[in-house]
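Just so you know, ligand 1 is whichever comes first in the structure, and atom 1 is the first atom listed for that ligand.
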Amino acid sequence: MRVLLSEDDEILADGIAKALRQAGFAVDHVGTGEDADQALQLNNFDLLILDLGLPKIDGLEVLRRLRARKQVLPVLILTARDRLEDRVMGLDFGADDYLTKPFDLPELEARVRALLRRGRVAADVEVVYGALRFDTVGRRVTVHDQQLELSARELAVLEILLQRGGKVVSKEQLIEHMYGWDEEVSHNAMEVNVHRLRKKLESVGINIRTIRGLGYLLESRSS
Ligand code: CA
């Protein structure tokens with residue numbers, strides 16, 4: 001899951017980004033409305049967290065343009081307590097939820113999960129593959145009701161392999177899904193994560209096959 005965070009308060013943005021990354025999301029951060037507007041046109045995000053008071057182009061305008069382009073990703077707006085009319089306008093402009101500053105990070109995480117759940121068809125929330133069940137919102141993987149301990153990166157690898165079920169996923173696609181722009185990306189690190197995940201999946205009858213020069217393919221040995 002890839003989240004675009006548009007917030008000009010650096011300290012707040014760092015806190016939000018850290019919390020969401022720990023929860024297994026890839027987070028990209030922009031500090032101006034202009035950058036948010038551009039990023040939304042160039043990348044596919046699963047969710048936008050949008051501060052309304054942004055420099056250059058304000059949050060409402062970013063939102064208006066987003067919806068004018070018919071982009072349907074869920075939007076959570078952040079507003080200052082004294083700007084009630086902005087909040088109402090934000091919802092009118094097509095935001096899905098709002099949080100008033102200051103807020104607690106667990107509250108923000110709960111809203112993010114709820115929005116991602118709402119934006120998907122029920123069948124999509126839990127992906128079942130062989131003996132494995134992946135709760136994409138709760139970020140949990142279970143095998144026969146036993147939780148499989150996976151790191152945030154391993155979860156990200158598994159998620160994209162499952163999303164493409166049966167199709168080869170290229171290394172570039174994996175990297176795009178796993179890392180935000182400001183994170184250092186290396187093919188080596190990505191391959192290490194694939195390798196670790198492969199080890200953990202071996203015991204449950206699922207194989208990650210390496211297709212030379214193309215990428216990776218998920219295979220269930222039971223089917
Ligand atoms: Ca602001």
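- Contact annotation: the side chain of Tyr216 approaches that of Lys171 to within less than 4.5 Å [non-hydrogen atoms, C-beta and beyond].
- In this structure, the side chain of Asn43 engages the main chain of Ala39 through a donor-acceptor pair within 3.5 Å.
- Here Glu7 fails the criterion, with no N, O or S atom under 3.0 Å of the Ca ion (ligand 1).
- Seen from the Ca ion (ligand 1), atom OD2 of Asp51 and atom O of Gly53 lie 80° apart in angle, a value rounded to 10°.
- Within Asp8, the N, O or S atom at minimum distance from the Ca ion (ligand 1) carries the name OD1.
- Among residues at least two apart or in separate chains, side chain to side chain donor-acceptor pair (under 3.5 Å) pairs with a member in residues 5-14 are Glu7-Lys101.
- Scored by the side-chain contact (heavy atoms from CB on, under 4.5 Å) test, Arg113 finds Ala23, Glu109, Arg117, Val137, Arg139 as partners (sequence neighbours excluded).
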